[in-house]
Asker: 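Have a look at this one before I ask anything.
Please read these numbers as outputs of a predicted model, since none were measured by experiment. Chain letters run A, B, ... following the sequence lines, proteins first and then strands; every chain starts at 1.
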Amino acid sequence: MRDARFERVVLRRANLRRAFVPDFAARLTGTTVTDVGRRAKHLVLALSSGDTLLIHLGMTGDFRVESPALEGEPAPADPGTHDHVVFQMSSGFVVTFNDPRRFGAMDLMTAVTYARHPTLSSLGPEPLSEAFTDGVLAAACARRRTALKPALLDQRIVAGLGNIYAVEALHRAGLSPLRKASTIATPTGKPRPTATRLVAAIKAVLNSAVERQLRPEYRSARFRVYDREGEACPTRGCDGRIRRVVQAGRSTFYCATCQR
DNA sequence: ATTGAGACCTGTCGGC
DNA sequence: TGCCGACAGGTCTCAA
């Protein structure tokens with residue numbers, strides 16, 4: 001996408017999440033992608049116009065990239081049922097945004113609205129960055145009264161962790177999702193050993209998830225505790241069973257025996 | 001201010 | 001077989 005220009009933008013459905021600016025297609029057409037980045041779960045495309053195209057894939061969002069020019073096809077195939085936006089790029093590629101459940105979002109923002117974006121501007125550190133340390137996590141959790149697991153889903157504490165990996169990280173760290181978030185910090189906000197373990201577990205879980213995505217043969221592997229209610233706990237030497245509880249409206253899976 | 005519940009959306013799955 | 005409700009995900013909005 002980088003250095004490619006939007007030659008044609010087709011909005012096949014006007015009511016995706018986040019209100020599209022009225023002239024979405026017109027403002028995008030003719031601009032060039034100068035940079036492609038990511039922040040938390042958002043895809044960030046910097047444009048030559050100074051605008052920023054912010055994209056969130058939700059849970060079922062996906063991009064399909066086709067190259068009619070290379071394949072000698074005159075036009076892209078018939079759009080599928082959930083093809084919501086089609087980008088014809090100057091590079092010859094046709095990039096189609098497909099999102100069956102429509103939890104994805106696309107927003108075209110000016111420099112000012114992007115800088116003041118309420119969610120982006122208050123995001124916590126990237127979990128795989130050096131900025132995400134036990135000290136930072138402990139300080140962020142110290143005065144929270146919520147349980148630990150809902151705190152991990154708060155993007156202001158750590159950016160980009162979702163329900164599944166929060167669950168997996170807590171299991172890996174041997175920490176109960178039900179304990180108060182503040183228990184991983186001392187009264188003065190310093191990290192306890194539990195905070196150190198949790199940060200290491202989050203990084204490990206995310207790194208192995210990335211690795212798995214890069215290795216097709218492992219992609220179908222299931223998670224260790226997520227969606228395994230009633231099954232034996234996979235922890236070595238643990239004879240517990242995986243339980244399911246609901247916290248803040250989301251499913252939590254954990255082992256009450258080895259997660260304390 | 002912090003927290004949680006509800007809404008959004010639709011494909012899938014379990015139960016009758 | 002077919003229908004129907006429950007459920008999953010991330011984030012925004014609203015209310016306690």
Side-chain angles (χ1 to χ4, degrees), chain A residues 11-21 38-44 52-64 79-85 96-109 113-114 116-124 126-127 137-170 177-185 189 202 205-206 209 212-213 219-220 222-231 242-254:
Chain A
L11 204 52
R12 303 194 57 244
R13 121 165 260 159
N15 60 340
L16 289 186
R17 296 204 115 203
R18 311 308 320 138
F20 278 110
V21 292
R38 177 192 63 81
R39 183 70 175 104
K41 299 169 189 166
H42 303 264
L43 207 51
V44 182
T52 299
L53 179 58
L54 201 59
I55 298 169
H56 196 298
L57 297 178
M59 54 181 287
T60 56
D62 198 8
F63 282 107
R64 193 173 68 246
T81 353
H82 300 297
D83 290 348
H84 304 313
V85 188
T96 303
F97 176 64
N98 180 278
D99 185 15
R101 296 195 192 174
R102 295 170 56 199
F103 262 41
M106 235 181 250
D107 225 346
L108 186 56
M109 323 195 69
T113 55
Y114 176 63
R116 294 180 184 164
H117 192 282
T119 299
L120 288 184
S121 59
S122 58
L123 283 174
E126 291 287 332
L137 181 62
C141 288
R143 291 191 311 275
R144 305 291 298 235
R145 310 178 76 141
T146 348
L148 183 53
K149 192 250 187 169
L152 291 182
L153 292 181
D154 187 334
Q155 303 293 296
R156 295 169 301 182
I157 292 183
V158 51
L161 210 54
N163 193 49
I164 294 173
Y165 293 120
V167 161
E168 294 293 314
L170 285 166
L178 308 178
R179 62 151 71 207
K180 297 279 183 206
S182 57
T183 59
I184 67 167
I202 289 170
V205 161
L206 291 180
R212 189 193 307 174
Q213 282 304 308
R219 258 186 226 179
S220 58
R222 286 220 284 149
F223 302 102
R224 287 169 67 80
V225 286
Y226 178 80
D227 203 22
R228 289 186 183 274
E229 182 180 15
E231 295 184 29
I242 304 304
R243 297 183 186 176
R244 172 183 180 270
V245 295
V246 173
Q247 291 180 286
R250 303 260 92 107
S251 282
T252 297
F253 298 86
Y254 76 108

Asker: Identify the heavy atoms of A:Val245 and A:Leu178 that sit nearest to each other, and give their distance.
Answerer: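 Closest approach of A:Val245 to A:Leu178, heavy atoms only: CG2-CD2, 4.1 Å.
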Asker: Taking all non-hydrogen atoms of both residues into account, name the closest pair between A:Gly189 and A:Ala142 and its distance.
Answerer: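 A:Gly189 and A:Ala142 have their closest heavy atoms at CA-CB, 3.9 Å.
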Asker: Does the side-chain contact (heavy atoms from CB on, under 4.5 Å) test come out yes or no for A:Leu153 and A:Gln247, once each step is laid out?
Answerer: CA-CA 11 Å; A:Leu153 292 181; A:Gln247 291 180 286; over 6 Å; no
Asker: Roughly what angle, to 10°, lies between the helix axis at the start of the helix from B:dT2-C:dA16 to B:dC16-C:dG2 and the one at its end, five pairs per end?
Answerer: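 Taking the rotation axis at each end, their angle is 50°.
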Asker: Please list, pair by pair, any protein nitrogen or oxygen found under 3.5 Å from a nitrogen or oxygen in nucleotides 1-3 of chain B.
Answerer:
unit_1 : atom_1 : unit_2   : atom_2 : d
B:dT3  : OP1    : A:Arg145 : N      : 2.5
B:dT3  : OP1    : A:Thr146 : N      : 3.3
B:dT3  : OP1    : A:Thr146 : OG1    : 3.4
B:dT3  : OP2    : A:Arg144 : NE     : 2.5
B:dT3  : OP2    : A:Arg144 : NH2    : 2.8

Asker: List the protein contact pattern of nucleotides 9-16 of chain C with one symbol per nucleotide (5' to 3'): B for base contact, S for sugar-phosphate-only contact, - for none; contact means a heavy-atom distance under 4.0 Å.
Answerer: BBBS----
Asker: Does A:Arg244 put a side-chain nitrogen or oxygen below 4.0 Å from OP1 or OP2 of C:dA8?
Answerer: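 Yes, A:Arg244 has a side-chain N/O under 4.0 Å of OP1/OP2 on C:dA8.
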Asker: If only atom types and distance count, is the side chain of A:Glu126 paired as donor or acceptor with the main-chain N or O of A:Ala40 below 3.5 Å?
Answerer: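 Yes; at least one donor-acceptor contact below 3.5 Å.
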Asker: Expressed in angstrom and rounded to an integer, what is the separation of A:Tyr165 atom OH from C:dA8 atom C1'?
Answerer: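 Atom-to-atom, A:Tyr165 to C:dA8, this comes out as 15 Å.
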Asker: Which heavy atom of A:Ala138 sits nearest a heavy atom of A:Ile184, and at what distance?
Answerer: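 For A:Ala138 versus A:Ile184, the nearest heavy atoms are CB-O, 4.1 Å.
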Asker: Rounded to whole angstroms, how far apart are CZ on A:Arg102 and P on B:dA7?
Answerer: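 These atoms are roughly 18 Å apart.
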Asker: Could you pull out the closest heavy-atom pair between A:Thr60 and A:Arg102, with the gap in Å?
Answerer: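 Of all heavy-atom pairs spanning A:Thr60 and A:Arg102, the closest is OG1-N, 4.2 Å.
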Asker: Return the minimal non-hydrogen interatomic distance between A:Thr252 and A:Val167, and the atom names on each side.
Answerer: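 Looking at all heavy atoms of both residues, the closest pair is CA-CG2, 4.1 Å.
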Asker: What heavy-atom pair brings A:Ala181 and A:Arg144 nearest, and what distance separates the two atoms?
Answerer: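 Shortest heavy-atom contact: CB-CB, 4.1 Å.
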Asker: Considering heavy-atom distances to DNA chain B, does A:His82 or A:Ala147 have its closest nucleotide positioned more toward the 5' end?
Answerer: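 Comparing both residues, the 5'-ward one is A:Ala147.
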Asker: Using whole Å, what does the distance between atom P of nucleotide B:dC9 and atom CG of A:Leu57 come to?
Answerer: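 Rounded to the whole Å, the gap is 18 Å.
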Asker: In whole Å, what is the span from the CD atom of A:Glu229 to the P atom of B:dG14?
Answerer: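 Interatomic distance, CD of A:Glu229 to P of B:dG14: 14 Å.
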Asker: Do the ring planes of A:Phe97 and A:Phe63 sit parallel (below 30°), tilted (30 to 60°) or perpendicular (above 60°)?
Answerer: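 Ring orientation, 0 to 90° scale: tilted.
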Asker: For the CZ atom on A:Arg243, are there more than 12 heavy atoms of other groups (residues, nucleotides or ligands in this structure) within a distance under 6.0 Å?
Answerer: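 Atom CZ in A:Arg243 is not crowded, with 12 or fewer foreign heavy atoms closer than 6.0 Å.
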Asker: Atom CD of A:Gln247 to atom P of B:dG4: distance rounded to whole Å?
Answerer: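 One finds 9 Å between P of B:dG4 and CD of A:Gln247, rounded.
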Asker: So, does A:Gln155 use its side chain to make a donor-acceptor pair with the main chain of A:Gly124 at under 3.5 Å?
Answerer: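 Flag not set: sc A:Gln155 to bb A:Gly124 has no pair under 3.5 Å.
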Asker: What is the distance, rounded to the nearest whole Å, between atom CZ of A:Phe97 and atom C1' of B:dC9?
Answerer: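 In whole Å, B:dC9 C1' and A:Phe97 CZ are 13 Å from each other.
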